[in-house]
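Below: one structure, written as structure tokens.
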Amino acid sequence: MTVSVRSREQDGVTVLELEGEITSVTSAELQSSILPLIGGTATTVIDLSGVPYISSAGLRTLLLVHRQALRRQSATVLVGLAEEVRFVMASTGFLDFFDVRDSASAVLGSARE
């Protein structure tokens, strides 16, 4: 079981597209894949539309991403949250750490303005 990460830079924004379940089995590999990519641009969009489930280990990974972004004076935006992922993040207070939008295109459109 793995989480795939595709990254691209568009309009000065780093977009990370994740696919798979983020669990205690996959979170360490995910963390080592995405932390070096955080802060290379002013904004990083993490597209979770391919993530149907996130465990507490996955939440910890997202918190580490948030902290890395703060250290590098970069914004982190989450997009494409499945209903279950949104529920888990809202219930634990994790949504408060992030700017959450419906899609990456909404963020990319505002970056061009």
Side-chain angles (χ1 to χ4, degrees):
M1 183 184 305
T2 63
V3 176
S4 67
V5 179
R6 286 183 305 233
S7 68
R8 70 179 192 278
E9 192 172 317
Q10 183 177 342
D11 299 327
V13 174
T14 301
V15 179
L16 304 176
E17 297 171 344
L18 310 184
E19 189 169 330
E21 294 185 351
I22 305 175
T23 66
S24 60
V25 174
T26 62
S27 63
E29 181 181 337
L30 176 63
Q31 180 180 323
S32 65
S33 296
I34 66 174
L35 279 180
L37 303 172
I38 303 301
T41 58
T43 303
T44 301
V45 173
I46 301 176
D47 186 343
L48 296 171
S49 58
V51 177
Y53 173 81
I54 189 167
S55 72
S56 59
L59 293 176
R60 180 182 178 280
T61 296
L62 289 180
L63 182 59
L64 291 171
V65 165
H66 170 70
R67 289 180 177 164
Q68 175 87 337
L70 287 177
R71 279 193 296 276
R72 296 190 174 177
Q73 299 179 346
S74 178
T76 306
V77 181
L78 302 181
V79 301
L81 275 67
E83 191 172 322
E84 182 175 338
V85 172
R86 184 180 292 272
F87 176 78
V88 168
M89 292 185 75
S91 298
T92 57
F94 273 77
L95 278 185
D96 297 339
F97 293 116
F98 298 95
D99 181 3
V100 178
R101 310 268 180 98
D102 290 331
S103 68
S105 60
V107 179
L108 294 170
S110 66
R112 280 185 234 125
E113 296 173 357

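Because only heavy atoms are used, hydrogens play no part in the values below, and waters and symmetry mates are left out as well, while side chains stay in.
At a threshold of 4.5 Å between side-chain heavy atoms, the hydrophobic network of Ile, Leu, Val, Met, Phe, Trp and Tyr places V85 and L63 in one connected group. V51 and Y53 fall into different hydrophobic clusters, where Ile, Leu, Val, Met, Phe, Trp and Tyr residues are linked whenever their side-chain heavy atoms come under 4.5 Å apart, directly or through other members. Under a hydrophobic-cluster definition in which Ile, Leu, Val, Met, Phe, Trp and Tyr are linked whenever side-chain heavy atoms come within less than 4.5 Å, directly or via other members, L95 and L64 are assigned to different clusters.
The distance from atom CZ of R67 to atom CZ of R72, rounded to the nearest 0.5 Å, is 15.5 Å. Note that the CZ atom of R60 and the OG atom of S24 stand 12.0 Å from one another [nearest 0.5 Å]. Note that the OG1 atom of T76 and the CG atom of L70 stand 7.0 Å from one another [nearest 0.5 Å]. Taken to the nearest 0.5 Å, the OG atom of S49 stands 8.0 Å off from the CD atom of E19. Atom CG of L18 and atom CZ of R6 lie 9.5 Å apart (nearest 0.5 Å). Within the model, atoms CZ of R86 and CD of E84 stand 13.5 Å from one another, a figure rounded to the nearest 0.5 Å.
Counting only N and O atoms by type, the side chains of T41 and T14 include a donor and acceptor under 3.5 Å apart.
Proximity of a side-chain donor or acceptor of T26 to a complementary backbone N or O of V3 within less than 3.5 Å is not detected. One N or O on the side chain of T23 and one on the backbone of V25 form a donor-acceptor pair closer than 3.5 Å. Between the side chain of D11 and the backbone N or O of V13 there is no donor-acceptor pair closer than 3.5 Å.
For the pair F98 and L62, the minimum side-chain heavy-atom distance is below 4.5 Å. Residues E21 and P52 are in side-chain contact: their nearest non-hydrogen atoms beyond the backbone lie under 4.5 Å apart. A 4.5 Å side-chain heavy-atom check between T44 and V77 finds every atom pair outside the cut-off. Residues L78 and D47 form no side-chain contact, since every pair of their non-hydrogen atoms from C-beta on lies 4.5 Å or further apart.
Checked options V65, L30, I38, V45; the residue passing with L16 is I38 (criterion: side-chain contact (heavy atoms from CB on, under 4.5 Å)).
Here the shortest heavy-atom pairing between L81 and V100 reads CD1-CG1, 4.2 Å. Closest heavy-atom contact between A42 and S74: O-OG, 3.2 Å. Minimum interatomic distance between S103 and S105 (heavy atoms only, all atoms of both residues): OG-OG, 2.9 Å. When all heavy atoms are compared, the tightest approach of A57 to S27 is CB-OG, 3.5 Å.
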Exercise. Hey, mind stepping through D99 and R101 against side chain to side chain contact (heavy atoms under 4.5 Å, CB included) and telling me if it holds?
Worked result: CA-CA 7 Å; D99 181 3; R101 310 268 180 98; 3.0 Å; yes
Exercise. Could you walk me through whether E29 and T2 pass the side chain to side chain contact (heavy atoms under 4.5 Å, CB included) check?
Worked result: CA-CA 8 Å; E29 181 181 337; T2 63; 4.2 Å; yes
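Within 6.0 Å of CZ in R8 there are more than 12 heavy atoms belonging to other residues, nucleotides or ligands. Annotation for D102: atom CG does not count as buried by contact number, only 12 or fewer foreign heavy atoms lying within 6.0 Å.
Classification of the F97-H66 ring pair by plane angle, with boundaries at 30° and 60°, yields tilted.
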